[in-house]
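Both backbone and side-chain heavy atoms feed into the values below; hydrogens, waters and symmetry mates do not.
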Amino acid sequence: MKLKSVLCLVAGASMFAASAAFAGEFGTADEAKAMLTKAAAAVKADKAKALAEFAKGEGGFKDRDLYPFCGGPDGLFTAHPTLTGKSLKDLKDKTGKLLGEEIYATAKEGEVKEVAYMWPRPGQTDPVQKVSFVTKIGDQTCAVGYYK
C-alpha cells in the first residue's frame, strides 16, 4: 500500500510538472504588454538600436513566442525576426483579415490597444487566435503579440 501511494504521488507530481512546463511554453498577455512597454521605452531612448535589437531578438526582446515588431510611416516592417523590409501595412492574417491596416489604424501614441487575428504558432501551420498589443512611438507603429 505504501508503494502504491508513493507511485501515485510521483505520477501526480510528474503530471503537474508537465502541465506547468506546457503553460510556460508560451508568453502571456501580461508578459506581452510588459514587453511592449519595454520596447516603447527602448525606441524612445535610441530608435536605431532598439529596432536592431528587436529584429535580432537581442536585449531581452525575445522570450519564447513573444517579440516586438514595428513598422515605419511607409508601411514597411522596420523590425521583425523574419519580415524586416517587407510590408506590414499589406499584411493579412490567415483568414484574409487586413491585419496590417488594422494595426496602423489602431495604434495611438501613449496608448496600448489590442488587435485580434488568426495566426499559426511558430513551427505550426494551423492558425489560432492571437492578440497583439499595439502602440505608436513617434514614427514607429510597434506591437507584441501573444497566442490565446
Side-chain angles (χ1 to χ4, degrees), residues 9-148:
L9 283 172
V10 169
S14 295
M15 288 181 3
F16 176 77
S19 67
F22 180 76
E25 184 178 353
F26 303 109
T28 66
D30 288 342
E31 291 167 332
K33 196 177 230 182
M35 185 178 285
L36 181 59
T37 300
K38 178 181 173 184
V43 170
K44 287 177 186 173
D46 186 338
K47 181 172 79 172
K49 179 183 177 199
L51 296 175
E53 286 181 336
F54 302 167
K56 293 177 187 172
E58 296 175 349
F61 292 109
K62 174 80 172 97
D63 178 14
R64 295 161 293 170
D65 58 344
L66 300 178
Y67 56 87
F69 60 91
C70 299
D74 59 1
L76 300 180
F77 279 101
T78 53
H80 188 279
T82 60
L83 300 174
T84 300
K86 296 191 164 78
S87 179
L88 168 56
K89 198 135 196 181
D90 295 334
L91 190 66
K92 294 179 183 177
D93 80 355
K94 300 307 176 187
T95 67
K97 178 179 181 176
L98 298 171
L99 168 61
E101 284 186 16
E102 186 172 344
I103 287 172
Y104 271 90
T106 303
K108 304 285 185 249
E109 187 90 33
E111 296 180 38
V112 175
K113 306 258 185 173
E114 295 182 18
V115 174
Y117 52 100
M118 299 297 290
W119 204 261
R121 290 184 187 274
Q124 298 181 5
T125 55
D126 293 332
V128 295
Q129 182 82 45
K130 186 171 185 177
V131 175
S132 281
F133 292 107
V134 301
T135 193
K136 192 161 172 56
I137 309 113
D139 68 350
Q140 295 297 301
T141 298
C142 296
V144 175
Y146 71 97
Y147 293 90
K148 282 199 157 208

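- For the pair L99 and K92, the minimum side-chain heavy-atom distance is 4.5 Å or more.
- Between the CD atom of E101 and the CG atom of D90 there is a distance of 7.0 Å, given to the nearest 0.5 Å.
- The structure places OH of Y104 at 14.0 Å from CG of L98, a figure rounded to the nearest 0.5 Å.
- No donor-acceptor pair under 3.5 Å is formed between the side chain of K62 and the backbone N or O of G59.
- One N or O on the side chain of R64 and one on the backbone of G24 form a donor-acceptor pair closer than 3.5 Å.
- At least one side-chain heavy atom of I137 sits less than 4.5 Å from a side-chain heavy atom of K44.
- Nearest heavy-atom pair, T82 versus H80, reported as atom, atom and distance to 0.1 Å: N-ND1, 3.0 Å.
- Between T106 and E114, the shortest heavy-atom contact is CG2-O, 4.1 Å.
- Looking at heavy atoms from C-beta onward, P120 lies out of side-chain contact with D126 at the 4.5 angstrom threshold.
- Taken to the nearest 0.5 Å, the CZ atom of F54 stands 6.0 Å off from the SG atom of C142.
- Relative orientation of the Y146 and F133 rings is parallel, given thresholds of 30° and 60° on the angle between their planes.
- Side-chain atoms of T141 never come within 3.5 Å of backbone atoms of K136 as a donor-acceptor pair (strictly under, hydrogens ignored).
- With sequence neighbours excluded, the residues satisfying side chain to side chain donor-acceptor pair (under 3.5 Å) with K47 are D139.
- The two residues P122 and D65 have their closest heavy-atom pair at CG-CB, 4.1 Å.
- Note that the OG1 atom of T135 and the CD atom of E109 stand 6.5 Å from one another [nearest 0.5 Å].
- A donor-acceptor distance shorter than 3.5 angstrom exists from the side chain of D93 to the backbone of M118, with no hydrogens or angles considered.
- Within the 4.5 Å cutoff, side-chain heavy atoms of L51 are placed close to those of C70.
- Residue S132 comes nearest to A143 through the heavy atom pair CB-CB, 4.2 Å, listed as atom of the first residue, atom of the second, then distance.
- Separation of atoms CD1 (I103) and CZ (F69) is listed at 4.0 Å; rounding is to 0.5 Å.
- Listed for the K97 side chain is a donor-acceptor partner under 3.5 Å among the backbone atoms of A116.
- The two residues P68 and A39 have their closest heavy-atom pair at CB-CB, 3.9 Å.
- Here the side chain of Y117 pairs no donor or acceptor atom with the backbone of K94 at under 3.5 angstrom.
- Side-chain contact of T28 with D30: a donor-acceptor pair under 3.5 Å is absent, judged by distance alone.
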